[in-house]
Amino acid sequence: MGSLKNKEEMEPIGGESSKDAILYVNGVRRVLSDGLAHLTLLEYLRDIGLTGTKLGCGEGGCGACTVMVSHYNKVSKKCVHYAVNACLAPLYSVEGMHIITVEGVGNRKIGLHPIQESLARSHGSQCGFCTPGFIMSMYALLRSSEVPPTEEQIEECLAGNLCRCTGYRPIIDAFQVFAKTDDAFYTNTSSSSLQSGEFLCPSTGKPCSCKSKGLNGAGTCKQSTAGNKYEPVSYSEVDGNTYTDKELIFPPELLLRKLTPLNLNGFGGLKWFRPLKIQHLLELKAKYPDAKLVMGNTEVGIEMRLKRIQYKVLISVAHVPELNILNVKDDGLEIGAAVRLTELLQMFRKVVNERAAHETSSCKAFIEQIKWFAGTQIKNVACIGGNICTASPISDLNPLWMAAGAKFQIIDCKGNIRTIMAENFFLGYRKVDLASGEILLSIFLPWTRPLEYVKEFKQAHRRDDDIAIVNAGMRVFLEEKGEDLVVSDALIVYGGVAPLSLSAVKTKEFIIGKNWDQELLQGALKFLEIDIFLKEDAPGGMVEFRKSLTLSFFFKFFLWVSQQISVKKSTGIPLSYLSAAQPFQRPSIMGSQDYEIRKHGTSVGSPEIHLSSRLQVTGEAEYTDDAPMPSHGLHAALVLSRKPHAKILSIDDSEAKSLPGIAGIFLAKDVPGDNQIGAVIHDEELFATQYVTCVGQVIGVVVADTHENAKLAAAKVVVEYEELPAILSIQEAVDAKSFHPNSERCLKKGDVDICFQSGQCDKIIHGEVHVGGQEHFYLETQSSLVWTMDCGNEVHMISSTQAPQKHQKYVAQVLGLPMSKVVCKTKRIGGGFGGKETRSAFIAAAASVPSYLLNRPVKLTLDRDVDMMITGQRHAFLGKYKVGFTKEGRLLALDLEIYNNAGNSLDLSLSVLERAMFHSDNVYEIPNIRILGRVCFTNFPSHTAFRGFGGPQGMLITENWIQKIAVELNKSPEEIREINFQGEGSILHYSQQLQHCTLGLLWNELKLSSDLLRAREDVKQFNLQNRWKKRGVAMVPTKFGISFTTKFMNQAGALVHVYTDGTVLVTHGGVEMGQGLHTKVAQVAASAFNIPLSSVFISETSTDKVPNTSPTAASASSDVYGAAVLDACEQIKARMEPVALKHNFSSFAELAGACYMQRIDLSAHGFYITPDIGFDWTTGKGNPFNYHTYGAAFAEVEIDTLTGDFHTRTANIILDLGYSINPAIDVGQIEGAFVQGLGWVAIEELKWGDAEHKWIPPGCLYTSGPGSYKIPSMNDVPFKFSVSLLKGHPNVKAIHSSKAVGEPPFFLASAVFFAIKDAIIAARAEVGHHEWFPLDNPATPERIRMACLDEFSTRFIGSDFRPKLSV
């Protein structure tokens, strides 16, 4: 393999090249026919059956579709390998190249690649949907690396890949071993080739000497800086030392092949051209003036697919030599417009190393800005010219080109070249100084001069791979005049504050000629307020934040330049200010996991890897959308409402029906059975009839021969509306008394009113807590494939769902069939988190209507933006509290009103509210409690279950007022928490008594391991020494009740078969969604029969095997399905026992065979019900939970008070999980839940069209994809990430003394939220603000920065400012 060695320089050998458009995929030659220009590489790969490459978002934002592209570079005479997003790459853009997908890296038959093996063994794959993308990003890095990559390079290469399950730590651990490997094990074909000195080149497959060019010579071990040599390991399925026998080489035909121009076509008259010379390109541009020039298709592809802009002519400029130049000149850098960002970054790094430091100030700024520009896959294909000419107002690079004094060379169709300064090139919103016949040829970036400084700035929602909120490029050129340094020239340019990259002209004019001192700073800040004008309703919102960033950036620039010139002139900058100018340097992530292994039998208690992990790392694991479509199968798309509340006047589908490939359009009138559906009550319509009550409500379904044709037709269905008033927030619902019927709940303990009136309370506080929602962002979107059998007598489906029985029920209902004739199967799902518990069922029901009526298979897979818009999110909450307490901080009374935003149907919102009310005490003893809850009807899509199911929202409201008490009493929040802990025997406000409470033990253990007092003192010292960066710490406990709060759902069934070869097949009602349920259940069966885990197999979940199942939810699945399987195993064992006692069998297979011969039934149905639970809402008493899972977390963060940026320095988590069935899987659940919770409390913000966001159309979701909605990335993982499981405390209430783990850790991420608040408190104290202040979640950069009151922010806001939030 060519990863950890020097690439071989290869000369193409003479010979005739093929005239066909060709492509190699995993070593197989494929001819590309004409007519495919509309296809992406991803669509092509999946069409030919390579479904390991996944569609996650369709906009290059998640990395699930990553593949490796290899091609021969004739200039460098080398093969180059790089990762790309297949979902954006046009098929013809990779013509003449070699594509390697995850299937080409390794598989179970030929053996796993070391990368795949390492990820599987490290527990780095949970649901597995993102896994092939991670494998391919890492594989491409190793194939392209001449020497082992650094840990930093590995983390950087994964920045474009998202994972929702793992929390990233195990992925990083799995891949960092390749940063310290001996490359002999990785690249040498065999030990014999080492001894003979021969090496087979991975690109040609022939003996060569390129290996000897390595830095240390063949076979030499390399030591990492850490001194940990990575020893070659012997893998179970492949010997790593001989693996390269199977490495895919670069196809020799592609070395011989001469590149030819392309002129190809696609659907709808689309034309694709690939010119090879500038003259040919100019001729095409003259002929097609509206043609779009493409390189990586990272902008045009999104415009065509998501914005539905139809371009008729695309011209690929990747192979035009004049556009790909990179020349280092005496006066600067000449950069071709088609140069990719990765190439440019490499060039910048090269010149920074080679040239005088004063010449490369602008190059260093570009290096930093490109680093955070996008994921590696995007940077590998996106070109400079595309980014410039798109003229995005938030372009990261355009402000820098302008500030750095770059010049753009422009060529017209006649070959005439003109030059324009970058600062004059941008004319307006996405308008540039290019005539229709002109193209951008090149960019000239001059070297900087002594005392000339260029700096970049950017603030985004997320540090990695995110579009800017505000960015800037700044340059100043100073001249020495006596002892003074005077500004000779300057340029201050901002993005994100105007329709175009904006030069602060008045500020520039003011500072030129001035001394570089405090007077210049104060004057410049005043002029910036004039230069940068943002209206209150400016698109993008966050107006006050964006204005404050413009000043913060200039202040940082002033500090940075002052630091640079400090050797020449004393600037008088306080030492405590200097850290504000230092760039963020992220250390490598360090994780630790501490648990004991309590084995029970052969398998229970062992940290086994996920049973499907080897299938997932090779891309062989199948998901719903991977199921092959029958030849007569159809694709479906939904017709959706575009109004939040309206009467439907008419539906015109005539134009849609006339489009090619359409097989039918189905509305409410076509539903064979009942059009009324609903999770608990039937308050929804499958297809809307007279009224729509949210944007995204389903009106009908279109089926066609392709997914694209179905979507095109759905968009052409014309619906006329009469708009009606809409309710678009909880507060609007409360004001209008808009509540779902029969949804009021009340819980009481003691007498709140008497307590408040009696004078017992030394203090009483009031307040409101706004709790933001959260998108599930499972990597696999909602998907169902439905088909009929016997002409519709039976209906079968494969669905991505947590509740197959609900799919069965919905489909039977809408088709008018008995449930016995409907079967739903689920193999695995690519993440669920509650989002596929109820809101997946109407997807299957919608697909079933055309399938049943046409007797044809129908597949309905939602695009990411549609999925996010219509399937609901975590409920936003509003809490209004009144709390009484003593001067010591002891709690006496809580009076709480709690409201959730249910959306337009009840769904599970009442149950979510109930759990929030159950958890509104968190872990605190409160003698007097009254909680009143209401479920709000709003005109949004119905919100639904999400990990924690209302519990985290209830607990976050509690911890907010706990923190307010601490401020009132001038004590630490931890002190208030600790003196109010519940303990063994505590009676809760719903009358349940706590048993086996380990809260105090956990808390004390965490305090000790985190050294809380020392951490607080260290933070205090840091804050004294740093004015503009602050640290904070927090420690938060949790108690989470385990069980469905609806009693009848606490039941589980299982079916166990023992075969005569001694293997066991288990089927149960639970769904595998990455949480390791099947693995744990298989471990239970293996230990029950005393056989190896490898002898147990779980195929799928199916309603015709185990009937009437509850959804896989509420964290209790391992408890109930494990117990049901154990019940079945015990039945079979009881039948086998008489036979076993008579003979001494050498194996379980012998025993099974003997039982079979004696006609003993080796199959059993197991069943389990959770005992002693039930709650009566009329009396407000009962035991809603079987037991509680306890935990606590410590976090330390650092914030940048000028920008709101933050990072988590430490997270230390401890949970009581009894005797874990599989501690490795449980640790993975804890880490994944914590990072997902971190997203909820600090990163992920939903923005809806409501009164707070008037720039968004009413009722519409703005944050409907990874481009605008940011889940945590690898860069958001705590630097030190430690997880411990409490030792020695078995749980008597669940199978094998274990405890549930899925949801309890989620809330512990609030430790990060309260640590952020702790840091903000320190910042506010600097300017004399010691009063309590609200901080809503998510604590985004906007909320952090605007809470840190200082001389910059207070120009725009008062101390009571509260940034807008959709609740």
Side-chain angles (χ1 to χ4, degrees), residues 24-28 30 40-57 62-70 83-87 89 98-143 158 160-166 171 174-175 235 237-238 243 246-248 377 609-628 778-781 783 798 800 827-831 861 1072-1074:
Y24 273 79
V25 180
N26 296 333
V28 177
R30 295 184 175 272
T40 62
L41 175 58
L42 177 64
E43 289 166 328
Y44 176 78
L45 292 173
R46 292 184 65 81
D47 282 350
I48 63 173
L50 295 173
T51 55
T53 309
K54 307 299 183 194
L55 174 62
C57 68
C62 73
C65 63
T66 304
V67 298
M68 188 179 85
V69 173
S70 302
V84 305
N85 291 121
C87 73
H98 188 198
I99 307 300
I100 294 182
T101 71
V102 68
E103 292 94 340
V105 175
N107 58 54
R108 287 173 309 113
K109 294 188 179 95
I110 68 163
L112 269 63
H113 190 280
I115 297 172
Q116 295 168 321
E117 187 69 47
S118 184
L119 190 64
R121 286 186 164 214
S122 300
H123 309 278
S125 180
Q126 289 186 18
C127 86
F129 200 82
C130 69
T131 302
F134 276 96
I135 293 289
M136 294 314 301
S137 288
M138 186 65 197
Y139 182 75
L141 175 70
L142 293 185
R143 280 297 291 258
L158 301 174
N161 292 81
L162 296 178
C163 174
R164 196 53 154 165
C165 297
T166 64
I171 300 173
F175 290 163
Y235 297 119
E237 295 182 48
V238 57
Y243 189 80
K246 307 179 185 90
E247 197 77 46
L248 287 168
Q377 299 94 317
I609 66 169
H610 195 291
L611 285 185
S612 294
S613 59
R614 284 186 168 83
L615 291 169
Q616 290 165 193
V617 298
T618 58
E620 293 167 292
E622 287 187 8
Y623 300 81
T624 302
D625 195 39
D626 299 335
Y778 29 71
L779 265 289
E780 177 201 27
T781 59
S783 183
I798 301 169
S800 180
K827 184 83 172 173
R828 62 176 62 81
I829 67 175
T861 299
E1072 177 58 58
M1073 49 188 168

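These figures come from a predicted structure and were not determined experimentally.
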Inset, instruction - Output yes when K827 and E1072 qualify as a salt bridge under the 4.0 Å nitrogen-oxygen rule, no when they do not. - result: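 No salt bridge links K827 with E1072.
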
Nearest-0.5 Å distance that lies between atom [atom1] in [X] and atom [atom2] in [Y]:
X    : Y    : atom1 : atom2 : value
Y139 : H113 : OH    : NE2   : 5.5 Å
R46  : K54  : CZ    : NZ    : 5.5 Å
T53  : N85  : OG1   : CG    : 11.5 Å
E620 : K109 : CD    : NZ    : 6.0 Å
E103 : I110 : CD    : CD1   : 11.5 Å
I99  : L248 : CD1   : CG    : 12.0 Å

Hey, are [Y] and [X] close enough side-chain-wise for a donor-acceptor pair under 3.5 Å?
X    : Y    : result
T624 : S783 : no
Q377 : N161 : yes
Q616 : T131 : no

Heavy-atom closest contact ([X] atom, [Y] atom, distance):
X    : Y    : value
H610 : S125 : CB-O, 4.1 Å
A627 : I798 : CB-CD1, 4.2 Å
T66  : A83  : CG2-CB, 3.7 Å
I100 : G104 : CG2-C, 4.2 Å
I48  : R30  : CD1-NE, 3.4 Å
C127 : I829 : CB-O, 3.7 Å

Inset, instruction - Using the test salt bridge (charged side-chain N to carboxylate O under 4.0 Å, His left out), find all partners of R164 that sit at least two apart in sequence or belong to another chain. - result: E1244

Inset, instruction - Could you list the residues that satisfy salt bridge (charged side-chain N to carboxylate O under 4.0 Å, His left out) with E43, not counting sequence neighbours? - result: R305

Inset, instruction - Give the C-alpha distance, both sets of side-chain angles, the deciding distance and a yes or no for side-chain contact (heavy atoms from CB on, under 4.5 Å) between N26 and L50. - result: CA-CA 10 Å; N26 296 333; L50 295 173; 3.9 Å; yes

Strictly distance-based, threshold 3.5 Å: is any side-chain N or O of [X] a donor or acceptor partner for the main-chain N or O of [Y]?
X    : Y     : result
Q116 : V617  : yes
R828 : G1074 : no
S137 : L158  : no
S118 : P114  : no
S122 : L119  : no

Legend entry - Qualifying residues under side chain to side chain contact (heavy atoms under 4.5 Å, CB included), relative to H123, sequence neighbours excluded: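 Scan of H123 (side chain to side chain contact (heavy atoms under 4.5 Å, CB included), adjacent residues dropped) gives I609, A1224.
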
Inset, instruction - Under the side chain to side chain contact (heavy atoms under 4.5 Å, CB included) rule, collect the residues that match up with C62, sequence neighbours excluded. - result: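 Side chain to side chain contact (heavy atoms under 4.5 Å, CB included) list for C62, sorted by chain: C57, A64, L162, L779.
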
Legend entry - Those residues that, when tested against F175, pass ring-ring contact (aromatic ring centres under 6.0 Å, His included) (two or more places apart):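 Not a single residue meets the ring-ring contact (aromatic ring centres under 6.0 Å, His included) criterion with F175.
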
Legend entry - ring-ring contact (aromatic ring centres under 6.0 Å, His included) partners for F134, two or more places apart: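 Per chain and number, F134 pairs via ring-ring contact (aromatic ring centres under 6.0 Å, His included) with no residue.
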
Inset, instruction - With the side chain counted from C-beta on, respond yes when R108 and L615 share a heavy-atom pair under 4.5 Å apart, and no when they do not. - result: yes

Inset, instruction - Side-chain contact test, heavy atoms from C-beta onward, threshold under 4.5 Å: evaluate it for I115 versus V105 and give yes or no. - result: no

